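By convention in this document, chain letters (A, B, ...) are assigned in the order of the sequence lines, proteins followed by strands, and residues within each chain are numbered from 1. Being a predicted model, the structure only gives us computed values, none of them experimental.
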2 protein chains.
Amino acid sequence: MSKPARHVLPQERTSKNMKKTSLNDIAERLGVSKTLVSLVLNGRGKEHRISEEVCRKVIELAKELNYQPNQIAKGLRTGKTNTIGLIIADIANPFFGKLGREIENEASKHGYRVMFCSSDEKAEKSKQQIGMLMQGQVDGFIISPPTGSEAQIQELQKRKIPYVLVDRYFPQIESSYIVVDNFQASYDATMHLAKQGYRRIACLSTQSNLINMNQRLEGYKSALADSGLEVLEERIKTVSFTHEKNDILLAIKQLLQEEKERADAILFTTSKIGIMGLECIHSLGVKIPDDVAVVSFDDPDAYRISNPTITAIAQPLTEIGSQSVKVLMELMSPSKEKSKPQKITLKTNFIVRRSSER
Amino acid sequence: MSKPARHVLPQERTSKNMKKTSLNDIAERLGVSKTLVSLVLNGRGKEHRISEEVCRKVIELAKELNYQPNQIAKGLRTGKTNTIGLIIADIANPFFGKLGREIENEASKHGYRVMFCSSDEKAEKSKQQIGMLMQGQVDGFIISPPTGSEAQIQELQKRKIPYVLVDRYFPQIESSYIVVDNFQASYDATMHLAKQGYRRIACLSTQSNLINMNQRLEGYKSALADSGLEVLEERIKTVSFTHEKNDILLAIKQLLQEEKERADAILFTTSKIGIMGLECIHSLGVKIPDDVAVVSFDDPDAYRISNPTITAIAQPLTEIGSQSVKVLMELMSPSKEKSKPQKITLKTNFIVRRSSER
DNA sequence: CTGAAAGCGCTTACAG
DNA sequence: CTGAAAGCGCTTACAG
């Protein structure tokens, strides 16, 4: 009885990893089948009425051999990876970093891990990243989709791959999403400035047609109108993602210096712009809030230790994170195949600090 | 000729995913073997002298069917996942967020993805996370090991699982690591304060015996000694990870108010402590640098927009990130099985700003 | 109560 | 130049 020739893997196992124990090892040592071991170790022993005696033995040996089920093999068999793909603009941006952390926490409660990709707000990048992760690596996605990524999202839709959008969405595509009420947040912030007596309120935003940014602009404009203030196009500046630093300096100079009617307040629509904007303001020697008041979306650490402290529109990151995971979990559960997309809009938290005092 | 009964997966495939195309689909449609298709699609057609005609056909059909190789299946077969496990304290902490981003960038150049876990500096957490990811999910680890995680690292060592440590390491364990010269950085920063004429220089650090923190303390003490200044234990305060906020406020009060000989400068050994510390200092109405000078490790955005701007010890995050991936890649390459651990110490960048001006 | 067998989608040593 | 077959480590429908 000659054994059939054993195939040898390219990376020889023996030197590496000291041969991890597999289901088979346990089965052989105990003289039972893999089936039984698998059942027992998955806690389905009782249900299959396997004797307590046998169960105990299996569990003991598994512990002794420090058995760790190979998730890859499990994944191949079951079609589940227990992994979420997270596509955001930049994990180094504290806004997304904090969001990522909240998603990690909630995912972990459901037994899920997360894989992240930074798209830098570039549609080509997110397309490549989604494509890569779609190759059987993740069970679903949480995505903050960049400008121009509609087709990718539609592709996910078409392929019935579970996903939820965060921070922004595409109105023409039926998706689940978790966002904040950007219009209201922006409206309230601008009203606050107007009530404090500021008359020449400017807005510095990003050059994108993403819905969240558009809504922030609209909220700003509406508040001006409702306060009897004029909406001047030259007080609305937008900056690109790529040359942000220069663009912002230029915009702020125009807002504060070159015009006759210089702005007496600025609304920043993201913390990234806000932080750079504040640097520019300081470098120009302009005083906050005496020369110009400042309000910004998001609430990074920097705004609390800034002097003066910066009035902020804080987003409920914990809730955005946990809700996005929860909704994704529902989409991924086999039972709820036909459930409607969930569209969740959360309130922001307006924190008045010294930068907008009169 | 009755077909053998086809097994049906629990999650019925037909409704989901519209049956992704597999190697087999292509092979069948073309009337060739899976082997051939696999070879061609992996660019090994020439090498195996498969006719150009056939190669072209395979590649064409693959494109047409939008074939995406199933990475899980590939992983099971080859034992490689092309994924790195990243264990850091907290992805929401901008220091680790930026590091994560750099690691992501470099990993992507090598065709790798990254999975992150936040350990909150808790050994139990990192143990659980490493254990989870070790179940065939990642090819190697980049870890910022918390206090008390020596055994976990030794376990990786024992199992010959590739890993590299960042930010800190355990001197008693032979590992590859990428760190900065913490002693020198701290020494230089303290000397800078001494040269500016500050005499009562305090240090606020974390309650941990991690080597990086110890070295920062040692650098501080050495510089005091070399400047002819006394090292007073009551000027060295440490705070726990859990109650940081309260601890810091208390420590700063003690440093600045309750003592007769109040501190005239403070060295913060992390940006997390630094940011909270600055908040406390502001809330106490103490002026920087007139009442107390400030220097901090790390260089978050906050330090540039703070008023005054904060003198910082910036770590070369790009290089730490890229080096850690490069070293890990070497460890994971089958050729270099026996190479010695790489121990890399990088220089920090001292940025003098207004918070330490005299 | 338990086991033999199929199969997830790949890669690769081997044979021709 | 090409294919049949084994096998990575699991899970599960089916048979007894």
Distance-only side-chain donor-acceptor flag, [X] / [Y], under 3.5 Å:
| X | Y | value |
| --- | --- | --- |
| A:Glu106 | A:Tyr112 | no |
| B:Gln71 | A:Gln137 | no |
| A:Ser176 | A:Gln342 | no |

Send over the distance from [X] [atom1] to [N] [atom2], rounded to a whole Å.
| X | N | atom1 | atom2 | value |
| --- | --- | --- | --- | --- |
| B:Asn70 | C:dG7 | CG | C1' | 13 Å |
| A:Lys20 | D:dG9 | NZ | P | 10 Å |
| A:Asp25 | D:dG7 | CG | P | 15 Å |
| B:Lys34 | C:dT11 | NZ | P | 10 Å |
| B:Arg49 | C:dG16 | CZ | P | 18 Å |
| A:Gln68 | D:dC8 | CD | P | 19 Å |
| A:Ile72 | D:dT11 | CD1 | P | 13 Å |
| B:Leu76 | C:dT12 | CG | C1' | 14 Å |

Short side-chain N/O contact to [N] OP1/OP2 from [X], under 4.0 Å:
| X | N | result |
| --- | --- | --- |
| B:Arg77 | D:dA6 | no |
| B:Tyr67 | C:dG9 | no |
| A:Asn24 | D:dC10 | no |
| A:Lys74 | D:dT11 | yes |
| B:Ser33 | D:dT2 | no |
| A:Asn42 | D:dT11 | yes |

Residues A:Lys343 and A:Glu174 bridged, charged N to O under 4.0 Å: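 Looking at A:Glu174 together with A:Lys343, the answer is yes, because their closest N to O distance falls below 4.0 Å.
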Presence of salt bridge, A:Glu155 and A:Arg159, under 4.0 angstrom: yes
Residue closer to the 5' end of DNA chain C, B:Leu23 versus A:Leu36 (nearest nucleotide):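 Closer to the 5' end of DNA chain C: A:Leu36.
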Closest-nucleotide ordering on DNA chain C, the 5'-leading residue of B:Pro69 and B:His48: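 The 5'-side residue here is B:Pro69.
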Under 3.5 Å donor-acceptor pair, A:Thr35 side-chain atoms to D:dT11 base atoms: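 No.
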A:Ser51 side chain, from C-beta outward: closest of C:dG9, D:dC10, C:dT2: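 Nearest nucleotide to the side chain: C:dT2.
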Side-chain touch B:Leu23/B:Leu41, heavy atoms, less than 4.5 angstrom: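 B:Leu23 reaches B:Leu41 side chain to side chain.
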Heavy-atom neighbours of B:Lys57 NZ exceed 12 at 6.0 Å: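 Open.
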B:Ala73 vs B:Gly31, nearer the 5' end of DNA chain D by closest nucleotide: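 The 5'-side residue here is B:Gly31.
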Side-chain donor/acceptor of B:Ser175 to backbone N/O of B:Tyr177, under 3.5 Å: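 The answer is no, because no donor-acceptor pair under 3.5 Å joins these two groups.
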Per-nucleotide pairing state of DNA chain C [Watson-Crick or G-U, under 3.5 Å; [ ] pseudoknot-crossing; | other strand]: |||.||||||||.|||
